Every structure is written in structure tokens, then in C-alpha cells.
Amino acid sequence: MEHSKIIELVLWEFRDNVNIQQGKEYVLKLNEFVKMQPGFISRITSVTKEGKFLDIIYWSDLASAKKASEKAMENEMTTTIFSTMNEKGMIFQHFEIFNMINK
């Protein structure tokens, strides 16, 4: 397996008209786009009982992560889903991995 060098972290909530189940369905639909992107390694998404979502995406390099973000902003399916997310309070950031330990 390719080693990840970059973590993309996204923390958000959907707008009030989207319930948690709908939000989960949107997240799963985004997998179709994400898994096809060069440099993609894996994605983990979780949700609190209050409906706050956390997305952690592992990338091989920062250039691939940024290119995927650019492509997502030009894709009709992804931008439609993004429009259901509440941008207020959203956190989107890339981190360079410098330490990883597994059991």
C-alpha cells in the first residue's frame, strides 16, 4: 500500500434542511468522485449524534490533494452536494504527516 504524506481534514455540518441520514448518503456519493482521483489513498468519515461530520482523507502528496479539490469545484455532482453543507464554521485544511504509529 502506498504511504500517505498528506491528511485532508474537513469538519462541517449540513444545512438545516438535510438530516443525518441524507448527509450520510451524500458523503457516500462523494466516494465515487474521491476514489477516482490520482494520489487518493483512503477516506474515513464519521458523524456525531448532533450531525457534525468529520472527513479525513489520506493523499500521497499535497499537489494531488489540491488538484482533487480544484476538480471537485468543477464537478456538477460534487458542487451540488457541497451546496447542502453549511459553510459557516466549516474547517478544511491539509496537514503534512510527520509521525505515524500502528499497533
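Just so you know, residue 1 is the first one in the sequence shown, and it goes up from there. Below, all heavy atoms of this structure are taken into account, side chains as well, without hydrogens, waters or symmetry copies. Owing to the predicted nature of the structure, the values given are computational and were not obtained by experimental measurement.
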**Request:** If a pair satisfies ring pair (Phe, Tyr, Trp, His ring centres under 6.0 Å) and one of its residues is in residues 59-87, list it, with sequence neighbours excluded.
**Result:** F40-W59

**E70 side chain near M73 side chain, heavy-atom distance below 4.5 Å** = no

**Prompt:** Are any non-hydrogen side-chain atoms of L54 and L9 less than 4.5 angstrom apart?
**Reply:** yes

Hey, could you give me the [atom1]/[atom2] distance between [X] and [Y], rounded to the nearest 0.5 Å?
| X | Y | atom1 | atom2 | value |
| --- | --- | --- | --- | --- |
| S69 | I57 | OG | CD1 | 7.5 Å |
| I56 | I44 | CD1 | CD1 | 6.0 Å |
| M100 | I7 | CE | CD1 | 6.5 Å |
| N86 | R15 | CG | CZ | 5.5 Å |
| I20 | E13 | CD1 | CD | 9.5 Å |

**Item:** Minimum heavy-atom distance S64-P38, with the two atoms named
**Value:** CB-O, 3.3 Å

**Item:** Nearest heavy-atom neighbours spanning Y26 and V18
**Value:** CE1-CG1, 4.0 Å

**Request:** Assess whether side-chain contact (heavy atoms from CB on, under 4.5 Å) is satisfied between L11 and K52, documenting all intermediate values.
**Result:** CA-CA 7 Å; L11 180 64; K52 190 170 282 197; 3.7 Å; yes

What donor-acceptor contacts under 3.5 angstrom involve side-chain atoms of residues 27-37, with partners at least two apart or in another chain?
residue : atom : partner : partner atom : Å
N31     : OD1  : R43     : NH1          : 2.5
Q37     : OE1  : K71     : NZ           : 3.0
Q37     : NE2  : F33     : O            : 3.0

**Message:** Once side-chain contact (heavy atoms from CB on, under 4.5 Å) is applied, do any residues pair with E25, and if so which ones, sequence neighbours excluded?
**Reply:** Q21

**Item:** Under the side-chain contact (heavy atoms from CB on, under 4.5 Å) test, residues paired with S83 that sit two or more places apart
**Value:** none

**Item:** All ring pair (Phe, Tyr, Trp, His ring centres under 6.0 Å) counterparts of Y58, not counting sequence neighbours
**Value:** none

**Request:** Give a yes or no on this: more than 12 heavy atoms of other residues, nucleotides or ligands lie within 6.0 Å of atom CD of E50.
**Result:** yes

**Message:** For E87, is the CD atom crowded, meaning more than 12 foreign heavy atoms sit under 6.0 Å from it?
**Reply:** no

Only pairs under 3.5 Å count here: list side-chain donor-acceptor contacts from residues 88-96, not counting sequence neighbours, and write none if there are none.
residue : atom : partner : partner atom : Å
H94     : NE2  : E8      : OE1          : 2.8

